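Quick notes on the structure that follows.
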Amino acid sequence: MADAETTAKTKKKADRTGFEPHIIGFLCNWCTYAGADLAGTSRIGYPTNIKAVRVPCSGRVDAMYVINALKNGADGVLVSGCHPGDCHYNQGNYYARRRFMILREIFSAMGINPERLQMSWCSAAEGAKWAQIVAQVTEKIRELGPFEGI
Amino acid sequence: MKYSYYPGCSMHSTAAEFESSFRFVAGVLGMELTEVEDWFCCGATPAHITDPLLGLALPTQNLLQARPTGLDVATTCAACYNRLKTANRVALEKPKKREALAQILGEEYKGEIPVRHILDIFVNDVGVDNIQRNVLFPLNGLRVASYYGCLLTRPPEVADFDDVENPVTMDKIVEALGGVALEWPFKTECCGASFSLSRSDIVGRLAGEIMRYAKQAGAECIAVACPLCQSNLDLRQKEASEYEGVEFNMPILYITQLMAVAYGGGGKDVGLGKAIVNAESVVHRVFGHRGSERVER
Amino acid sequence: MARIGVFVCWCGSNIAGTVDVKKVAEEVSKLPYVVYSTDYKYMCSDPGQNMIKEAIKEHRLTGVVVSACSPRMHEVTFRRTVQEEGVNPYMMEMANIREHCSWVHDDMEEATEKAIELVRMAVAKAVELEPMEKIEVPVTKRALVIGGGIAGIQAALDIADGGVEVILVEKSPSIGGKMSQLDETFPTLDCSQCILTPKMVDAAQHPNIKIYSYAELEELDGFIGNFQARIRQKARSVDMELCNGCGDCWNKCPQKKIPSEFEAGMSDRAAIYVPFPQAIPNTPVIDRENCIYFQSGKCGVCAKICPTGAISYDQSDEFITEEVGAVVVATGYDLFNTDVIGEYGYGEIPDVISGLQFERLSSASGPTEGKIVRPSDGKKPEEVAFICCVGSRDDKYGRPYCSRICCMYTAKHAILLHHKSHGSQAYVFYIDVRAGGKGYEEFLRRATEEEGAIYMRGRVSRLYRDNGKVVVKGADTLSGAQIELHCDMVVLANGITASPGAEELARKLSISYDEYGFYSEAHPKLRPVETNTAGIYLAGCCQAPKDIPDSVSQASAAASKVLALFSGDFLTREPNIAEVNPFTCTGCFTCREVCPYDAIDEEEVTVHIDGKKVTRTIARVNLGKCQGCGICCAVCRSNAINLKGTKDLQIFRQIKAFTGSEKEKSDEPVGSKK
Amino acid sequence: MKWEIKTEDIHTSFRDEVEELSGESFGACYQCGKCSAGCPIAFAMDHGPTKIMRFCQLGMEDEVINSDTPWLCASCQACTTRCPREIDIAEVMDALRIIAKRRGIKPRTDPDIALFAEIFLSNLRWFGRIYELGLVGEFNLLSGRFFKDFGKAPAMFLKRKLALLPSNPFKWGKVREIFKKCEKMKEGEGRE
Ligand SMILES: Cc1cc2nc3c(=O)[nH]c(=O)nc-3n(C[C@H](O)[C@H](O)[C@H](O)COP(=O)(O)OP(=O)(O)OC[C@H]3O[C@@H](n4cnc5c(N)ncnc54)[C@H](O)[C@@H]3O)c2cc1C
Ligand SMILES: Cc1cc2nc3c(=O)[nH]c(=O)nc-3n(C[C@H](O)[C@H](O)[C@H](O)COP(=O)(O)OP(=O)(O)OC[C@H]3O[C@@H](n4cnc5c(N)ncnc54)[C@H](O)[C@@H]3O)c2cc1C
Ligand code: SF4
Ligand code: SF4
Ligand code: SF4
Ligand code: SF4
Ligand code: SF4
Ligand code: SF4
Ligand code: SF4
Ligand code: SF4
């Protein structure tokens, strides 16, 4: 959490000149989206780079969404859902996880750094964790630099 | 029925009568035995309690030496059986250890050689029917407590040829020979053989309880299938009797000796004279006169 | 063409303090399809909502984007707002610029930039929104209860009292379940039969309850509100109408040596029998496996003796189909089979008995009329050992879970032993005593303090016979000692397992179950009586081991769910469910494999291909079952299945909008279909 | 026996060491006592196997290392066979003996047990097979328990149960090689 705050504060736009990654986050409605809401209600700061798309379940996230995002200029993609075993729809996040693994392999094969695709588990009660995830994922993608396409 | 035979140290010394009776019985039942070439001691308990790797390296090397024959390895001693089986399990399930062993032995062993105890072979390969068919002198209702000891069935994942808590293989053989297999609770209780020399006080108690329950069940003798059990229960019967406060005088026979008797084996094959607690009396009781003649022969 | 209005909220200073709302409104006004945009202090207030309504009228808006707080907060509010002005409520989209933006960022410039992006994404989606209607399904107001133990009986009674007809299907010849076999019950020691039998009678006499005993569910079709249950009425070989329960048949039947299930094998029954005297219905059945007539064609004594001519050897199984709107599953449990634990010698040592056998020994209606004696010689046992966790909390036997009731019933057994067999001593071997219920700890203390049961903390390693006694090799881990007791009798507290056939039934119902065969609830905390299949509810031990109070609570909860479901003539559900495109679906049914709710049905469609008529089987989403998770959509290779409200196209537009590929009005307008 | 446990008595590193060597995890043990209940030797031990498992959980090195339990364990595997958490307790006992040896600790109550193992192995190393007369003789000599079993020996000679000379297998060189390599491996371990 401290991480997240310092990242948010020290990386003010005014102080930064370098690359700001565009990251799209697919958040499951029941856990992570609500967790992100909680981060808001608790006023826990984090970087602005990730923009959320609300989906009913992480299992809804089609591989094409991820590829589409990168094709259309995103530098990284985050898929986040309920913790394993907690899925609102029982197994959706397992499918998501499996798809995530396969996609990362495909990325490697295509010459895309698999780290551009990130996945996390974050529950509705984990506002602080969400802030941390955003900070970490942003940092990670920042390190990778802009996605130049393939 | 061909087998590669791993006798283990005792078979050539303390358990000479196990060896001779087993060889005789094997002949009768048509089992062909090829002794593992240049076999050596499996290390028994002392090796694996001192250095687990050594405890695995010794049996594994023996199995490697048995490999060229391509036959199942038959063994008589429960301790050897346990060690050889454990070596197999490690070779199959623990790749890290398998590699370390390959480094020591200079050859990789993948657990491909089945290790069988002779009880398993008797009942599952030879078959109870065959065992029965060869009987010349039925045991005439001899009341036998089969004692399997602790290592033959444990742990079940390693041993797996009979029920771990209430094994019956030996009982089936006894019944086939015309004896009465007794239901008794101490079939698999440990007799403390590993303390036979160092802590005879412990052995006295353990053997004493075993003997008491055998006696309670009405046993005329205890049948065993392991040299360590035999020598321990036989040798330490004095301590056992002292502990329990009764004179047991319980003959401890190898199951193969009972088989040899029933198959008409000669005195040398059966080797009844080798026990410390008089075992010949059992045969006399069963066959009366004729029996004693047979044993003399 | 879509005409979108955007409303940017200040939320007082909550948003406006960090986000330049005016700038947001101005920037987004430049987006394609946006015909109006504005900002206001409190969008959710009455004036705010009126503003939206006015704008809809004035600018003929087809869609609305409210850029404010989280949709989890006010989505419903604004949907209602637009609906009131005649716009389909699902044409409203929210952009979360409060929780996801103003509250978590403090740099005005950055936050404003992000807010614009978020609104841009919302607008892109709004352009692709489609009107949707809530789903209404008619309901058949009748319920099916499967299993007639205490849980099933309670559920049936509660539903019936709510004025709804109930079909109660019980597989054994009588209802009553395990509770009918118990003696007194913890923690109050009231007599099980005294409290159960009146309920059984109530169920039998209730005008709204129809009982099929000796019957099983064969098949369940349909979905919530509209199930068709096919029930197999097994042949009783006795005509229920004619039989008056006189008992002549079972008294005269020559085949009397069949171990009685009800008495847990402690006494025998005849081939024609009622399980116990208070059975409901009190009509016997012929156990054909054991009947001489059915096995060899001889005998026929019962038919000769029956005064009413009720015996009917040529009866065969019958099938009945019942229409129901909801199902309560209450199939209970079975006891762990202790035979497999070799070291305990159950089945070999006669004086080693199960907990249920102890109940029968102790019950006044049992084989010994309540006298506690040992099975081997009928003598009073002096020393009795009770062993807890037998087949529970034991990985060796694949059951790591706690069976939850055995600690308590063992404490009860210890008390009953001391009550009924004076001078006997109970020794209880336990690992932990789990006494979490109301009055349970006090009950346990009664066993140890008042009754003097000796508790020893250790698992028993072995039991064996010695001179008519059972030797118990145990340990007391608290003192560190090994223990060897010579006991007269040993009672094993068998753990609880799923009832036989649980998995088969689950497949018929398409509900899920855990690795042990217990049925899975829809959510472990918040939906403990529902299954994943809408309209099917759980009660009692079929879901997990529980005691009677918990079984009854769950049964009443399930009943209230059923009654709530039946409170209207239609079920109303959110419309965001999956939808199959019949032209592109290839009928691969990958979607069915992943659907957690079994919501994919098959459908035959006839299409014309090259002038030829072709009939194909494709997927169809079951309106009653689909919960809108979208998992199916992500796996469909032909993109033939889509989730309403979160369609692929809607998401793609959002993605494009986010990355800025669709920023200015000058861009080619997207969504050409508008 | 210590009646007080303080922070400094708890050594998780010791627990880890035993876990590493035995391949068993102490977290799994819920102290049910079944291992002690069925152990045939428990009556002679200072702590039953259950307590040894507890001490290992807590990393109470002194208690474990100085206990005679591991030395008295007969490797009968009753505990391993019946443990409801499927822990190989007998394997843990092996590991404890080895660790005790690493620390140079001799079994407190009965050094003879270790001695027996030692003599057995040296016999094996020399002769490849166990030379039982030598074993008994050497044991008696070194343990100071003269004549303990000599009462039995003449009877056994007469019955030709004890072979008088060791029988040498051909590949005894292989045996020594195995011993040496195992020792080397162990040293390597020690250095790490
Ligand atoms: C020895 C013992 C003592 C106990 N003592 C107490 C106590 O003192 N106090 C207490 O609170 N609890 C006690 N319990 C627990 C109590 O028995 C249960 O909580 C209670 O019986 C659970 O009721 P149920 O209706 O869920 O299951 P059950 O009683 O098992 O009823 C299930 C019914 O469903 C039927 N059925 C099963 N499968 C099908 C199918 N496929 N189709 C149709 N019907 C089917 C069965 O035949 C049965 O009639 C004890 C349990 C035991 C074993
Ligand atoms: C530290 C802790 C951790 C826990 N962890 C878990 C867990 O991980 N999992 C789990 O399942 N359970 C957990 N629980 C238990 C859980 O908190 C309770 O089971 C649950 O909250 C009970 O809900 P309730 O509605 O019955 O009671 P409460 O949550 O107490 O709600 C009662 C409400 O009634 C109001 N109220 C009281 N009196 C009146 C009155 N006279 N008039 C009007 N209103 C009134 C109170 O203000 C309160 O809002 C935990 C409990 C604690 C203490
Ligand atoms: S709509 Fe939401 S953001 Fe706007 S005033 Fe209401 S609560 Fe605040
Ligand atoms: S004799 Fe006839 S009437 Fe009487 S109980 Fe039997 S079937 Fe029913
Ligand atoms: S026909 Fe069957 S049920 Fe009837 S009396 Fe004969 S055996 Fe009993
Ligand atoms: S309720 Fe008690 S006896 Fe039953 S499994 Fe749980 S802890 Fe063991
Ligand atoms: S909707 Fe898709 S996944 Fe389902 S059957 Fe049709 S083509 Fe297959
Ligand atoms: S959206 Fe979910 S519930 Fe509906 S059909 Fe698809 S997978 Fe099944
Ligand atoms: S039997 Fe297993 S779980 Fe029980 S105390 Fe022993 S090691 Fe622990
Ligand atoms: S293996 Fe050792 S600790 Fe386990 S029961 Fe046997 S003697 Fe006791």
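Here is how names work: the chains are called A, B, and so on, in the same order as the sequence lines, proteins then strands, and each is numbered from 1. Because the structure is predicted, anything quoted here is derived from the model rather than measured.
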Exercise. Which region of D201(B), side chain (C-beta onward) or backbone (N, CA, C, O), has a non-hydrogen atom less than 4.5 Å from a non-hydrogen atom of chain D, or is it both or neither?
Worked result: neither

Seminar exercise, completed: So, the part of F43(D) with a heavy atom under 4.5 Å from chain B: the answer is side chain

Exercise. Between S75(D) and chain B, which part of the residue has a heavy atom less than 4.5 Å away: side chain, backbone, both or neither?
Worked result: both

Exercise. Is any side-chain N of the basic residue among R15(D) and E61(D) closer than 4.0 Å to the acidic one's carboxylate O?
Worked result: no

Exercise. Would you call E239(B) and R236(B) a salt bridge, using N to O less than 4.0 angstrom?
Worked result: yes

Exercise. Just wondering, are more than 12 heavy atoms of other shown residues or ligands nearer than 6.0 Å to CD in E37(B)?
Worked result: no

Exercise. Would you say the side chain of E17(B) lies within less than 4.5 Å of the side chain of L272(B), judging by non-hydrogen atoms?
Worked result: no

Seminar exercise, completed: So, the part of Q103(B) with a heavy atom under 4.5 Å from chain D: the answer is both

Exercise. Is the shortest side-chain N to carboxylate O distance from R102(D) to E17(D) below 4.0 Å?
Worked result: yes

Problem set entry | Heavy-atom contact with chain D under 4.5 Å, split by part of I202(B) | both

